[in-house]
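Numbers here are sequence positions counted from 1. All values derive from a computational prediction rather than experimental measurement.
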Amino acid sequence: MKSALLALSIGLFAGGAPAFAQEATQEELGPLDQQQVYEELNLFGEIFDRIRSEYVDAPNEKELVRAAIQGMLSSLDPHSGYLDPDDYADVREDTQGTFGGLGIEVVMEDEVIKVVSPIDDTPAAEAGVLANDYIVELDGEPVRGKTLDEAVDMMRGEVGTDIDLVIVREGADEPIELTITRDVITFQVVRSFTQDNVGVIRLARFTGQAYAGVEDAIDDLQAELGDDLKGLILDLRNNPGGLVDQAVFISDAFLSRGNVLSTRGRSAEENARYDANADDLDKKVENLKLIVLVNGGSASASEIVAGALQDQKRATLVGTRTFGKGSVQSIISLGQSGAMRLTTSRYYTPSGRSIQAAGIMPDIEVFQDVPEELQGRDEIIGEAALDGQIGGGTEDEATTGSSVYVPSDREKDNQLQYAIDLMLGEKSNEAFPPNPNE
């Protein structure tokens with residue numbers, strides 16, 4: 001009997017494959033009509049019922065349905081998907097740039113949490129947490145055995161709630177016990193500094209705080225250097241993107257007129273055009289030369305900004321080819337069930353380019369000196385290498401890698417130093433400064 005059952009199973013799979021292949025080919029001829037759609041939904045319902053009644057263990061029906069939804073969405077393209085309520089909350093925190101927490105940058109070291117730095121004016125800093133402290137307990141639970149993500153999740157929480165920490169500090173005879181009240185923490189997505197009278201603005205993500213951070217950075221740099229400020233470098237390397245409106249605002253910060261981007265989708269409501277407008281910030285920077293640093297990790301909203309400033313001849317792009325994500329996702333709330341992330345349009349730069357799976361080539365290609373141990377592992381092809389990417393770009397799809405390596409030592413950062421040398425006139429290139437009349 002066992003042999004007969006085994007033969008039957010093999011026969012079902014072997015005999016069924018050609019039929020499935022033929023059916024798939026027929027369905028590719030065009031969309032299903034209403035009756036066919038209902039037939040497919042009935043098939044789903046039948047399989048769902050069989051799993052519920054016949055699977056070896058009683059399944060969790062909620063998880064089954066959500067897995068089916070996730071499978072349906074993720075089959076569309078790499079950027080569509082289902083967000084359960086926890087994931088949706090995380091996405092909102094990421095895009096808003098704020099969360100309830102303590103205000104410390106941490107890493108995992110020797111299975112405990114090491115404080116890299118407390119953020120100024122946050123609950124952790126005010127409670128006396130110091131850099132190089134080790135957090136060994138959270139609310140009475142040992143940190144050892146937890147992942148970094150699990151520990152960070154415990155430290156985050158509703159504003160106004162308390163958490164107990166036990167800290168081990170070098171030089172202290174006994175562990176230090178602290179009770180800290182969580183407060184609103186803002187991601188520091190913008191950092192700035194000067195080198196040789198050149199202002200450098202590093203933008204890490206396009207959260208809801210991005211434009212305000214860039215505006216503040218410009219004000220700070222001009223307050224520090226005044227008329228001695230020789231130019232600005234906007235560093236978008238390894239910036240994975242974020243909110244489209246922030247990309248438009250930041251492009252507009254350096255443009256007084258002209259198109260920033262347009263979007264085109266299946267429905268007319270997904271088609272839009274975004275233009276720059278004259279404002280006070282434009283006047284502050286209109287006479288400053290601008291360079292944008294990009295690499296293989298510059299994606300999505302970063303590419304919107306880079307493409308707009310390149311096409312409008314406002315900035316010179318320096319670095320390596322960008323990631324190539326030329327699509328826009330809408331986050332559609334499903335109430336208490338979470339949300340869905342759905343690709344709803346492609347975007348186009350002012351010259352009409354869709355950089356989907358192609359990326360943006362810098363005006364001046366500059367490579368880093370990659371350490372020997374990282375060579376061959378520092379490059380990614382980008383969007384073009386993702387299974388199920390939607391295609392449809394106007395440029396040739398990328399077939400080779402683009403480096404994402406950026407050294408932590410600024411003096412060894414070839415791309416940054418080349419950009420500074422351009423600003424100072426110590427290097428020259430016909431692409432800098434760009435000619436808006438060409």
Side-chain angles (χ1 to χ4, degrees), residues 83-193 202-210 212-213 216-217 237-240 242 297 338 373-374 404-410:
L83 303 171
D84 66 28
D86 289 339
D87 290 338
Y88 185 29
D90 289 342
V91 167
R92 282 182 291 181
E93 284 184 355
D94 285 344
T95 56
Q96 290 169 359
T98 61
F99 59 93
L102 307 182
I104 47 177
E105 297 179 16
V106 297
V107 295
M108 184 69 79
E109 185 175 293
D110 296 328
E111 296 189 87
V112 294
I113 297 294
K114 181 181 181 180
V115 177
V116 176
S117 175
I119 301 171
D120 292 342
D121 302 319
T122 61
E126 292 173 0
V129 177
L130 302 177
N132 296 322
D133 281 350
Y134 289 91
I135 301 174
V136 296
E137 284 189 18
L138 295 167
D139 273 342
E141 295 185 24
V143 170
R144 193 177 299 275
K146 299 184 185 299
T147 65
L148 180 60
D149 287 342
E150 289 171 340
V152 169
D153 285 343
M154 289 187 68
M155 288 186 282
R156 290 186 179 185
E158 290 187 22
V159 172
T161 58
D162 292 341
I163 183 170
D164 296 325
L165 274 62
V166 176
I167 291 173
V168 173
R169 179 176 297 164
E170 185 177 355
D173 295 332
E174 300 288 337
I176 300 167
E177 298 182 4
L178 296 174
T179 297
I180 304 178
T181 303
R182 297 179 179 92
D183 202 350
V184 175
I185 307 300
T186 301
F187 289 119
Q188 189 174 359
V189 295
V190 179
R191 299 177 187 272
S192 63
F193 62 91
R202 164 65 185 154
L203 177 59
R205 294 180 68 87
F206 285 82
T207 70
Q209 315 298 319
D216 288 344
R237 293 174 297 177
N238 294 333
N239 181 322
E373 65 271 16
L374 294 178
V404 298
Y405 175 71
V406 179
S408 57
D409 185 345
R410 292 175 190 164

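- The shortest heavy-atom contact between Pro123 and Gly101 is CG-O, 4.1 Å.
- The two residues Val106 and Met155 have their closest heavy-atom pair at CG2-CE, 4.4 Å.
- Taking Thr161 as the reference, Glu158, Arg182 meet the side-chain contact (heavy atoms from CB on, under 4.5 Å) condition, with sequence neighbours excluded.
- From Ile185, atom CD1 reaches atom CD1 of Ile104 across 9.5 Å, with rounding to the nearest 0.5 Å.
- How far CZ of Arg202 is from CZ of Arg237: 7.5 Å, rounded to the nearest 0.5 Å.
- Distance check: Met108 CE to Thr147 OG1 gives 6.5 Å after rounding to the nearest 0.5 Å.
- Panel note: side chain Asn238, backbone Val404; a donor-acceptor pair is recorded below 3.5 Å.
- Once rounded to the nearest 0.5 Å, the distance linking CD of Glu141 with CD of Glu150 reads 10.0 Å.
- How far CD of Gln96 is from CD of Gln209: 9.0 Å, rounded to the nearest 0.5 Å.
- The closest side-chain heavy-atom distance from Arg144 to Val112 is below 4.5 Å.
- With Ile180 as reference, Leu102 is the one residue of Asp164, Leu102, Thr122 to meet the side chain to side chain contact (heavy atoms under 4.5 Å, CB included) rule.
- Without hydrogens or angle criteria, Asp162 side chain to Thr179 main chain gives no donor-acceptor distance under 3.5 Å.
- Contact record, Ala125 with Ile119: CB-O, 3.4 Å, taken as the closest heavy-atom pair.
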Worksheet item: Passes side chain to side chain contact (heavy atoms under 4.5 Å, CB included), Ile163 versus Leu165? Steps please.
Response: CA-CA 7 Å; Ile163 183 170; Leu165 274 62; 3.7 Å; yes
Between side-chain atoms of residues 128-138 and protein atoms elsewhere (two or more places apart, or another chain), which donor-acceptor pairs fall under 3.5 Å?
unit_1: Asp133; atom_1: OD1; unit_2: Arg169; atom_2: NE; d: 2.8
unit_1: Asp133; atom_1: OD2; unit_2: Leu130; atom_2: N; d: 2.8
unit_1: Asp133; atom_1: OD2; unit_2: Arg169; atom_2: NE; d: 3.4
unit_1: Asp133; atom_1: OD2; unit_2: Arg169; atom_2: NH2; d: 2.8
unit_1: Tyr134; atom_1: OH; unit_2: Glu109; atom_2: OE2; d: 2.7

Worksheet entry | Stepwise side chain to side chain contact (heavy atoms under 4.5 Å, CB included) check, Asp216 with Val190 | CA-CA 9 Å; Asp216 288 344; Val190 179; over 6 Å; no
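- Within 6.0 Å of the CD atom in Glu174, the count of heavy atoms belonging to other residues, nucleotides or ligands does not exceed 12.
- Contact detail for Tyr88 and Leu83: the closest heavy-atom pair is N-CB, 4.0 Å.
- Note: Lys114 NZ to Leu148 CG = 13.5 Å, rounded to the nearest 0.5 Å.
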